[in-house]
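Here's the structure we're looking at; comments come further down.
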Amino acid sequence: MEDKTQFLNDRQLPFAKVLGLKFLAATETVVKAEMVVRPELCTRPDILHGGAVMAFADTLGAAATVVYLPEGKSTTTIESKTNFVGPAPVGTKVIGETTAIHKGRRTQVWTTRITTAEGKLVAVVTQTQMVL
């Protein structure tokens, strides 16, 4: 299984850059990245905003799909569901790990577990990507 981590870090999707993502692993079945919770990604009190959690997971699911798209194809998210479990305070490093549930010709389904670096669960996100 070819590792595409460098490909994702070099390509640096524009929104991934805004979020401050660093891809740690990227294979055909898993994509992993980290992000530091910065004040501008927070709500009050200073904890990671739900929208930032969802954006982090959505970026990982899209990246996981993009890594192995056939030439000339693109992708878009058509469904996403988030379960918020615990907070991530400002300064925390969060880790997102996306794994494939289904990799079909027209759709792919991914689950992303977001945890703190210490392993505390922050959220679980399931999303469907359409292959265009």
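These numbers were taken from a predicted model, which means no experiment stands behind them.
In summary, of the residues considered (T77, I78, I101, T65), a side chain to side chain contact (heavy atoms under 4.5 Å, CB included) with T128 occurs for I78 alone.
Side chain of T75 to backbone of M130: a donor-acceptor contact under 3.5 angstrom is found.
Two residues are said to be in side-chain contact when any heavy atoms from C-beta on lie closer than 4.5 Å; T92 and L48 fail this criterion. Side chains of L41 and M35 form a contact here, defined as non-hydrogen atoms less than 4.5 Å apart. Residues V37 and P89 are not in side-chain contact: their nearest non-hydrogen atoms beyond the backbone lie 4.5 Å or more apart. The closest side-chain heavy-atom distance from F23 to L60 is below 4.5 Å. Taking the side chain as every heavy atom from C-beta outward, V30 and E97 approach each other to under 4.5 Å.
Here V124 sits in one hydrophobic cluster together with V85, L121; the rule is ILVMFWY side chains under 4.5 Å apart, joined directly or through other members.
Sorted by first and then second residue, the salt bridge (charged side-chain N to carboxylate O under 4.0 Å, His left out) pairs with a member in residues 81-96 read E34-K93; sequence neighbours excluded. Counting only residues at least two apart or in different chains, salt bridge (charged side-chain N to carboxylate O under 4.0 Å, His left out) contacts with residues 40-62 comprise R38-E40, R44-D46. The salt bridge (charged side-chain N to carboxylate O under 4.0 Å, His left out) analysis of residues 118-132, with sequence neighbours excluded, yields no pairs.
Atom NZ of K32 has 12 or fewer neighbouring heavy atoms from other residues, nucleotides or ligands inside a 6.0 Å radius.
In this view, T98 and T112 satisfy the side-chain hydrogen bond (donor to acceptor under 3.5 Å, both in side chains) rule, not counting sequence neighbours. Remark: T82 engages no residue in a side-chain hydrogen bond (donor to acceptor under 3.5 Å, both in side chains) (not counting sequence neighbours).
Here the shortest heavy-atom pairing between F15 and A55 reads CE2-CB, 3.4 Å.
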